[in-house]
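Below, chain A is the first sequence line, B the second, and so on; all start at residue 1.
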Number of protein chains: 2
Amino acid sequence: MSTDALTPDRILEATEEVLRRYGPAKATVVDVARALGVSHGSVYRHFRTKAALREAVTERWLERAVRELAPFADGPGPAAERLTAWLSALFAAKRRKAGADPELFATYMVLIGESSRVVAEHVDHLVGQLARIVEDGHRQGEFAAPVTDATTTARAVFDATDRFHDPAHVADWSEPDIDAAFDAVVALLLRGLRA
Amino acid sequence: MSTDALTPDRILEATEEVLRRYGPAKATVVDVARALGVSHGSVYRHFRTKAALREAVTERWLERAVRELAPFADGPGPAAERLTAWLSALFAAKRRKAGADPELFATYMVLIGESSRVVAEHVDHLVGQLARIVEDGHRQGEFAAPVTDATTTARAVFDATDRFHDPAHVADWSEPDIDAAFDAVVALLLRGLRA
DNA sequence: CTGCTGACAGATATTGAAATCTGTCAGCAG
DNA sequence: CTGCTGACAGATTTCAATATCTGTCAGCAG
C-alpha cells in the first residue's frame, strides 16, 4: 500500500479515516502520516497546514453532497415538483447522514465551522441549483412573473428552509412534528412562488 | 440591602448580575449567595437546584422579550403590515441585543441551550402572537382562505424566518446582505399568504 | 416555629508540569 | 534532482493532584 506514490488524494482518504476513527478533536497530522506509513513532514509537502488539510476534506465531502442533488435540479417535470423533490432530498440526505452516524456528522459539523469560505461556496452551488429550478418555473409560466432575479428568490427559498438543512438544527430533525413543519413551509413557499 | 427578606425575585436579580459579571461557565450559586450576603444554603431554600435557578432567569428574560412584541401582534392595521412589523421587530430586537452586549447574549444562548422546556413554551407564545395576525388576515380577506389552521401557518412563518431570529444564526446577522435576505423571505411568505 | 447557617460528601473544575503536536528545514536516499 | 525523513522550537494538550462547587441537613438564632 505504501509503495504507491503519496498523492493528495491518498492523504485525504487517510485523513477522512483518521477523522472517522478519532474525531475532530483528537485527529492529528501525525495520525494521518502513521496511517499512510510516512513521516508527518511528507504530509506537509502536500498540504501547507493542518487547517488546509481539514478544509480539503470538507470541500470533498460537500462536493459529493452537491453532486447527489444535481439530478433533482436538472431533471424533467414541473418546477414545483422538482423544487419539492429537491428540498425533500436535501432534508432527507441530511437527516439520513445525521441519523446513520451521529459521530461522523458531528465531526463534519466541526469541520464546517472551521472553513467558512468552503461552506459559502457550497451554499452558492446549492442556491445555483435552486435558481435553475426557479428559472424553469418562470419560463414555463408555472411560477408568477419574477419580482427579483431567480438567484435572490432561490436564496430566499434556501433561507426559509434553513431549519431543515442547516446542521445547527440537527437536534430538531428527530422531533415528531418536523415532517409536518417541513411540508407546511414548503407549501407556503410554493404558494408564494405561484402567486 | 441585605436587611430585606430573601425573595425569589431578589435572588433572580442577583443571579442575573452574577451571570452578567462572570458568564455562564463561572457563575456559581456561592457567587449568588455572596452577592446577596447570605449563605448558599439559603438560595437552595428558594430554588431546588442550580439548574432550576438558571431556568427561572431564562424564563424571566424570555417573558420580557415576548411582552416587547405583543403590541405588534395586537395593534391595528392590515395583517400584512403587522406581520412585517412583527417579524422586523423580532429580528431587530435580537440583533440589537446581540450587538449591544455580545457576551451577555452568549450567556443567554448558553442558558437557552440548557432549558428546552422553557424555550419551547417561549416559541409557543411567539407563534401564538403570529397566529393572531394570521387569523385577522384571514378574517379580513387580506390573506387567502386558510389551507390549514392559523397556528400551523404561523408556525410555518416562524420556521421559515428561523435564520433571522434563532440565536444559532447570530453570526449571520452582521453580514452585509442579511437585510436583503430578510426582505426577500418576508416578501415570498407574504405572497404565499395572500395567494 | 421559621428561616438561615455552615460543615460535609461526592461531583466538578482548575492548575501546572509533562507529553504531544504543529510546522520547518537541513540533510539523506534513490 | 526529487521526494522523504526525523530532529527541533514553540504552541497546544493531557493528566493527576488540588481546590472549589453543588446539594443536604442537623442545629442555632430570633
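- Ionic pairing of B:Arg95 and B:Asp172 is not present here: no N-O contact between side-chain nitrogen and carboxylate oxygen is shorter than 4.0 angstrom.
- Between the CZ atom of B:Arg34 and the P atom of C:dG6 there is a distance of 14 Å, rounded to whole Å.
- Between A:Leu87 and A:Phe182, some side-chain heavy-atom pair lies under the 4.5 Å cut-off.
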Salt bridge (Lys or Arg N to Asp or Glu O under 4.0 Å) between B:Glu63 and B:Arg60, intermediate numbers included: CA-CA 5 Å; B:Glu63 261 164 24; B:Arg60 231 165 61 129; over 6 Å; no
Base-pair map of DNA chain C as dot-bracket, where | denotes pairing with a different strand and pairs are Watson-Crick or G-U under 3.5 Å: ||||||||||||||||||||||||||||||
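- Base contact: A:Ser39 has a heavy atom under 4.0 Å from a base atom.
- Counting heavy atoms from C-beta on, the side chains of B:His122 and B:Thr58 never come closer than 4.5 Å.
- Residue pairs satisfying the salt bridge (Lys or Arg N to Asp or Glu O under 4.0 Å) criterion with at least one member in residues 28-39 of chain A, sequence neighbours excluded, are listed as follows: A:Asp31-A:Arg34.
- Under a 3.5 Å cut-off, the side chain of B:Arg117 and the backbone N or O of B:Glu55 do not form any donor-acceptor pair.
- Looking at B:Phe72 and B:Gln129, their side chains never come closer than 4.5 Å, going by heavy atoms from C-beta outward.
- Side-chain atoms of A:Asp136 and A:Arg82, non-hydrogen and from C-beta on, do get closer than 4.5 Å to each other.
- Atom-to-atom, CG of B:Asp31 to P of D:dA19 comes out at 19 Å; the value is rounded to the nearest Å.
- Rounded to whole Å, atom C1' of C:dT22 lies 17 Å from atom NZ of A:Lys26.
- In the set C:dC21, D:dC21, D:dT5, the nucleotide with an atom closest to the side chain of A:Ser42 is D:dT5.
- Regarding A:Tyr22, its OH atom lies at a distance of 14 Å from the P atom of D:dT14, rounded to whole Å.
- Taking atom CZ of residue A:Phe47 and atom P of nucleotide C:dT22, one finds them 15 Å apart after rounding to whole Å.
- Between A:Leu6 atom CG and D:dT5 atom P there is a gap of 8 Å when expressed in whole angstrom units.
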Between N or O atoms, less than 3.5 Å apart, protein on one side and nucleotides 23-25 of chain D on the other: list the pairs.
| residue | atom | partner | partner atom | Å |
| --- | --- | --- | --- | --- |
| D:dG23 | OP2 | B:Tyr44 | OH | 2.9 |
| D:dG23 | OP2 | B:Lys50 | N | 2.6 |
| D:dG23 | N7 | B:His40 | NE2 | 3.3 |
| D:dG23 | O6 | B:His40 | NE2 | 3.0 |

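- B:Ser115 is not listed as a side-chain neighbour of B:Glu59, based on a closest heavy-atom distance of 4.5 Å or more.
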